[in-house]
Amino acid sequence: MARASVVGTGMTDFGVYTKPIAELFADAALPAIDDAGIANDEIDAFYFGNVLGGATTNETHLAPQVASYIGLTPETSVQRYEDACATGSLALKHGVRAVETGDHDVVLVGGAEQCTPKGTGIETSEMTRIFGSGAHKQYEQAPGMTTASVFALHTQRHMHEYGTTEKHLAEVAVKNHYHGSMNSRAQFSEEKTVEEVLDSPIIASPFRLLDCCPFSDGASAVVIVSEDAAESYGVDPIDITGISHQANPVPVADQPNPPSTDMVRRAAQNVYEQADIGPNDVDVAEIHDCFTGAEILALEALGLFEDGQAGPATTEGRTRLDGEMPINPSGGLKAKGHPIGATGTAQIVELTEQLKGESGDRQVEDAKQAIAHNVGGMTATAVVTAMEARA
Amino acid sequence: MARASVVGTGMTDFGVYTKPIAELFADAALPAIDDAGIANDEIDAFYFGNVLGGATTNETHLAPQVASYIGLTPETSVQRYEDACATGSLALKHGVRAVETGDHDVVLVGGAEQCTPKGTGIETSEMTRIFGSGAHKQYEQAPGMTTASVFALHTQRHMHEYGTTEKHLAEVAVKNHYHGSMNSRAQFSEEKTVEEVLDSPIIASPFRLLDCCPFSDGASAVVIVSEDAAESYGVDPIDITGISHQANPVPVADQPNPPSTDMVRRAAQNVYEQADIGPNDVDVAEIHDCFTGAEILALEALGLFEDGQAGPATTEGRTRLDGEMPINPSGGLKAKGHPIGATGTAQIVELTEQLKGESGDRQVEDAKQAIAHNVGGMTATAVVTAMEARA
Amino acid sequence: MSKEFTREDVNDEQSTEALAEMDRLTHEKWEAALEDGSLVGLECEECEYVTATPNAACVHCGDRSVSPVRLPKQGSVYSKTTIEVAPEAQGSGYQIALVDVGDARVLGRITDGERVDIDDEVELSGPYEYDDDLAPLFEPI
Amino acid sequence: MSKEFTREDVNDEQSTEALAEMDRLTHEKWEAALEDGSLVGLECEECEYVTATPNAACVHCGDRSVSPVRLPKQGSVYSKTTIEVAPEAQGSGYQIALVDVGDARVLGRITDGERVDIDDEVELSGPYEYDDDLAPLFEPI
Ligand SMILES: [Zn+2]
Ligand SMILES: [Zn+2]
């Protein structure tokens, strides 16, 4: 019934890296390959996610280069995917399809990205412009929309309709920093208080600096195989029981209410059907919290909380590690970091470890069912993935 | 036996366009959809190729935007592909897989690109840098390798080993300009002489200006369905009988001789097996002639001519429209133009028309079997596609 | 940029019939209208969805029967944000807003120095220019 | 850029054993060697393929048993091209060449003003710098 199984994972610490991107990716890919206990020549295909290389370091067509660096033989089918911040999940979708249909037996899926001013040599204002490249040039970039501000528009409307407050948003940041403090791979290891969040400077109202994920460098990788093949790898496989990719209209003005999460709602419904579960069955979730408001919107769109209830639920601690619905035990994009092409598969790395019970201090108890939620562009693309531990 | 069938095609004239990329793509996509006789809501997936948008116009994540513009409903599965100049063929590969496995019934595959200084607002030296982004930043870009010069290195070695001459190269340009003069969609409509080619200024020796394809803007699109479904579309379907994607090591210094076409040789062998044909069965081919030497190398790597014989064969007219092995009846990248993300599917548009017998003055007589050859990056990726007319 | 869609095509006196006879509404025509103080959108004959920016087909149902319509110059704010960190050429401390103009919604820039809130009434006050593109500029009424 | 791989690590007197004890050959170490006049590559224990640039595993067979080796400073030209149109900062009228250095091949820049042909002997003459990256510079012998 599973569509594919994860048999190996690896990721770098997220932070600042000046090394070439192939070297950065190797630090995620080689551990993932080792974790699966396979040799390089067993890998049939390599799906690589990278978003900004063309604009930041004049590097496109990175897949064959990275493949050569990590020693994948030329017979390996290698390609790059770019779908903004959902890049890693789109690469994963294609990997799942490839092993599910038997087109390939073993697929390495991963991503690497350098977004920090130090990693790219590009200062913040210009990186803000490049980050905004997911927006429609004429109808979104021109009036001045940025990545933060599209989620800000949705969140402002959500606050207006449901009474969500800036304090609710701050509580998301506080919770994710708390989780991140237990994750040695997280970019931020320090806890934050609600006061610190509310005292930080505005980026795009209602979001303040501490409502926003950082610029990050990093890499992540997973090895996937078909459900049947998984047993033969001698490792503890975690099943991917569903993956759904849905789009929203562009530009954002044509996206429907409730605040532009229609594509997430469709993806969630579809993935729950694939996995034969409902939102009540989910034990742990990694959510695309690029901004605190994005987590609030997602929790409702995924059906984990009623519309309008995610803010209060967060304040009540229901999404903390010890709450009824632990969200972003990794620290999320907010505290773990968001090297955009690596984010999708990094969520899968975290959930694989959670479902194997290997997450240490931040382990969610009895985690059997998990979902990952990854958003790309100006709320244009969503991918929701369901994962399950074998009984 | 076919892996997929083409039921609709469309492309713009190649040349110079300043309009937004979604509008440019619509001029290829809407005719393709109309050609297939389908409505927008019958399209299950849309695979869009674009390479340079991030670097040239700060536009990534273009697939949902373009999908919205042409009226694909949000339920459509949309994503962007980027694999340098092989982008369109990689998107096609995924489309073929999707319909072959039944994952999707109808897939729109296409690409759009703006590369001209006028279309992008970027001058030639800077566009040369951006075009070079397919090269390894540290080990290819740093010493000064450009897109022209990687093919120049291979061609110089080929000249050294086999006695290929600058005049042989010029004959490729002359032949493709002759073909292009019969193609109203071609960027260049004028014929050229060997003398004109040899008198044009050096770009990267042995290539002169007229050995090089131009900067181009343009778009192309095809609608593909499964072989079985094709009949129901009430059009004359052309079958895709094979598609093979192979990589070469990166950087180019690690690529094997004969001049770095190993990945093309593997792709050709693989695709001939899939299609159950040999090179002698091929009636017409569209070849990735970004530079004249690239066509020479490809003709040999594809097995259409013996190693070292493609130059003399070209001079003897054997690759002209009325020759035994007509190559690039469209005019090729050389005369038709090379809007890089659109090139892969533009080859499929030409071959579909050839196999339907609808190519007018440049029709290859009795064309039943065709192949397309598309190369990406610094000879890092090749995709070879086999197509067949139904009896 | 040549403007085939001229002042005469889009002024306030232009009949609805003349608008409907335009070829496909392009970005170029949309910008020309904006320069002349008009916001032109598209209405779908099939599902009646109205969009505020050019498309080749209906963004809601995919039908190609979309006809240009003039949108009202006044509208109300659906949502807004004040942006402090932006690409350098955009400045900082400005607002953008999603504005409901008749049956359509459009993303616009708020006049520098002004502040709007959700449900505030605003009026199109001209084009805002960034990187050679024009966007609708609104000011509070 | 910090250079953990120092002059002492890569000078000509350095033993083969010392080279072999390096951790993974990184671009940083490779550049540091180049700055000191050495070209360092990797040899695969499994298939004996020698590459001239850093990798985490053998680019030929995928095996991870790759060890740093010093490549000869002299080599012969496998192929070359003279480039007239290039990114502005690269200049124009320069040559690049694929140079066989021992069992490895590397892409290098030819000293400005010099011209090499296939099979010509060349010698590493130092690093060439472009956009903060270093590349091998060769001159004809
Ligand atoms: Zn409609
Ligand atoms: Zn080896």
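Every chain is numbered from 1, with letters handed out A, B, ... down the list of sequences. This structure is a prediction, so every number in the text was calculated from the model and none was measured.
- Listed options B:Gln246, B:Met378, B:Met263, B:Gln141 were ranked by heavy-atom pairs under 4.5 angstrom with chain A; first place goes to B:Gln141.
- Interface check for chain B: of the options A:Thr87, A:Asp254, A:Asp83, the most heavy-atom pairs under 4.5 Å are formed by A:Asp83.
- Rounded to the nearest 0.5 angstrom, B:Thr57 OG1 and B:Leu62 CG are separated by 7.0 Å.
- Comparing A:Gly134, A:Ala22, A:Ala55 by how many heavy-atom pairs each has under 4.5 Å with chain B, the most go to A:Gly134.
- Two rings, from A:His94 and B:Tyr81, have their centers less than 6.0 Å apart.
- Comparing B:Gly54, B:Ala63, B:Ala135, B:Gly377 by heavy-atom pairs within less than 4.5 Å of chain A, the highest count is held by B:Gly377.
- Remark: the A:Thr60 side chain and the B:Ser133 side chain contain an N/O donor-acceptor pair separated by less than 3.5 Å.
- Heavy-atom distances place no part of A:Ala86 under 4.5 Å from chain B, backbone and side chain included.
- Of the listed residues B:Pro251, B:Gly102, B:Gly132, B:Ser77, the one with more heavy-atom pairs under 4.5 angstrom with chain A than any other is B:Ser77.
- Residue B:Gln138 touches chain A through its side chain alone, counting heavy-atom pairs closer than 4.5 Å.
- Heavy-atom distances place no part of B:Ser244 under 4.5 Å from chain A, backbone and side chain included.
- When heavy atoms are compared at a cutoff of 4.5 Å, B:Glu140 does not approach chain A at all.
- Applying the salt bridge (Lys or Arg N to Asp or Glu O under 4.0 Å) test to pairs two or more places apart or on separate chains, those with a residue in residues 89-102 of chain B are A:Asp103-B:Arg97, B:Arg3-B:Glu100.
- A distance below 6.0 Å separates the ring centres of B:Phe46 and B:Phe25.
- For the salt bridge (charged side-chain N to carboxylate O under 4.0 Å, His left out) test, residues two or more places apart in sequence or in another chain that qualify with A:Asp262 are A:Arg266.
- With chain A as partner, the option from B:His245, B:Glu59, B:Glu82 having the largest number of non-hydrogen pairs under 4.5 angstrom is B:Glu82.
- Of the charged side-chain nitrogens involved, at least one lies within less than 4.0 Å of a carboxylate oxygen, so that A:Asp27 and A:Lys19 count as a salt-bridged pair.
- Ring centroid separation for the pair B:Phe291 and B:His338 does not come in under the 6.0 Å cut-off.
- Heavy atoms closer than 4.5 Å to chain B are found nowhere in A:Thr73, neither backbone nor side chain.
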